[in-house]
Amino acid sequence: MLADDNQSILRLLSDFFARKENIELVASVSDGTEIVDAVREHAPDVLVMDIIMPRRDGFMALEELKGMDEAVRPKVIVLTGLARDDFIMRAIQLGACYYMVKPFDMHLLYSRIVEVAGSAPQEAVAVDEVDPAPETLDDRITNLFLTLGIPAHIRGYQYLREAVHMVIENRDVINRITKELYPGVARRFDTSASKVERAMRHAIEVAWSRGRLDSVNKMYGYKVFDALDKPTNGEFISCVAEKLGPGRSA
């Protein structure tokens, strides 16, 4: 079974596996909320899945799969563009058998599928990388938001991303948050400044309610966010822009 929101990758892999007599593709999904239900319906031996998925990220799916009975739980190969050590460790802890980084070699993926399909549970996890592309600013923002637990499908996620970009490009705009930042994001998404403000606040509240702040703090080696001190929209945007701006690494 394949789970990836990139339709080109799904088509590429579907065509590739169609030529392999010892592999049957039983299902393909492109929405994170569909993964667990599709696993229950199709009972695949192996699930190849991305981490960045609409509506529910791959880590949430791994958490649900880990709670399934071992007899019906598939072996999982993570296939993603995220090459962070902390993400790899998290996938390992949630039961992934292999962690492969895009761009990937299809023949190597095929070998891994055949390997894990015949392996015993709880085998050692390996990481396969094929010259991953340099991490972009968008990648770093995505990594941080995903670690915090901000769902990619909510409007506040996109608004915060845009706001961080604006502040990195012009630090002074954070001092004009109501007069310039909110309206600027609103124009980009054809909405109102008040809706932008509320959606951002909701996204931050979701992040704090998920209790993943320790993971973010470990990424930087010191306390970036405090569970007892939830930041305002401006404080959050300013902090992220400071950590991820030019010359920084996440």
Side-chain angles (χ1 to χ4, degrees), residues 5-6 50-55 57 59 80-87 101-103 132-250:
D5 64 335
N6 187 319
D50 197 355
I51 292 296
I52 301 296
M53 296 283 288
R55 301 214 288 169
D57 63 55
F59 289 129
T80 184
L82 302 175
R84 297 190 59 86
D85 289 343
D86 51 334
F87 285 6
V101 180
K102 299 175 182 177
E135 195 176 43
T136 66
L137 174 59
D138 278 335
D139 291 334
R140 297 199 302 271
I141 295 174
T142 296
N143 291 346
L144 178 56
F145 284 8
L146 183 60
T147 303
L148 276 171
I150 301 178
H153 71 280
I154 64 176
R155 286 172 295 185
Y157 176 97
Q158 298 296 336
Y159 297 166
L160 286 169
R161 281 174 63 97
E162 182 68 17
V164 170
H165 275 282
M166 290 175 64
V167 173
I168 288 175
E169 292 172 4
N170 179 8
R171 287 290 302 178
D172 194 47
V173 76
I174 196 66
N175 299 318
R176 302 187 297 275
I177 190 168
T178 57
K179 292 185 177 180
E180 188 169 337
L181 186 62
Y182 291 153
V185 175
R187 285 192 297 272
R188 168 71 173 78
F189 291 94
D190 192 25
T191 186
S192 68
S194 60
K195 289 181 179 179
V196 166
E197 180 181 11
R198 289 196 299 271
M200 286 181 176
R201 168 52 41 191
H202 172 65
I204 294 171
E205 288 174 349
V206 169
W208 257 247
S209 70
R210 292 194 169 181
R212 297 182 182 176
L213 303 185
D214 284 346
S215 297
V216 175
N217 293 335
K218 288 176 182 177
M219 286 168 61
Y220 294 99
Y222 59 92
K223 183 175 288 187
V224 178
F225 297 116
D226 188 336
L228 301 178
D229 188 18
K230 185 167 58 181
T232 64
N233 291 357
E235 289 169 342
F236 179 84
I237 293 165
S238 180
C239 183
V240 173
E242 173 65 24
K243 303 304 173 190
L244 303 184
R248 304 281 183 169
S249 60

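We count residues from 1, following the sequence as given.
- N175 meets the side-chain contact (heavy atoms from CB on, under 4.5 Å) test with D172; sequence neighbours excluded.
- Every pair tested for ring pair (Phe, Tyr, Trp, His ring centres under 6.0 Å) that includes a residue from residues 163-186 fails, sequence neighbours excluded, so the list is empty.
- To the nearest 0.5 Å, atom CD1 of residue I174 and atom CE of residue M166 are 9.5 Å apart.
- Scanning for side-chain contact (heavy atoms from CB on, under 4.5 Å) contacts around A163 gives L181, V185, M200, I237, with sequence neighbours left out.
- For R171, the side-chain hydrogen bond (donor to acceptor under 3.5 Å, both in side chains) test picks out S238, with sequence neighbours left out.
- Going from atom CG of L160 over to atom CZ of F236 covers 5.5 Å, rounded to the nearest 0.5 Å.
- When the salt bridge (charged side-chain N to carboxylate O under 4.0 Å, His left out) test is applied to E180, the partners found at least two apart in sequence or on another chain are R176.
- With sequence neighbours left out, T178 forms a side-chain hydrogen bond (donor to acceptor under 3.5 Å, both in side chains) with no residue at all.
- Partners of Y157 under the ring-ring contact (aromatic ring centres under 6.0 Å, His included) rule, at least two apart in sequence or in another chain, are F145.
- Between K243 atom NZ and I141 atom CD1 the span is 15.0 Å, to the nearest 0.5 Å.
- Within the 3.5 Å criterion, the main-chain N or O of E197 finds a donor-acceptor partner in the side chain of N233.
- Atom CH2 in W208 sits 7.5 Å away from atom CD1 in I150 (nearest 0.5 Å).
- Here the closest heavy-atom approach between residue P231 and residue R201 is recorded as O-NH2, 2.8 Å.
- Applying the side-chain contact (heavy atoms from CB on, under 4.5 Å) criterion to T191, with sequence neighbours excluded, gives Y159, A186, F189, K195, V196.
- With sequence neighbours excluded, no residue forms a side-chain contact (heavy atoms from CB on, under 4.5 Å) with D190.
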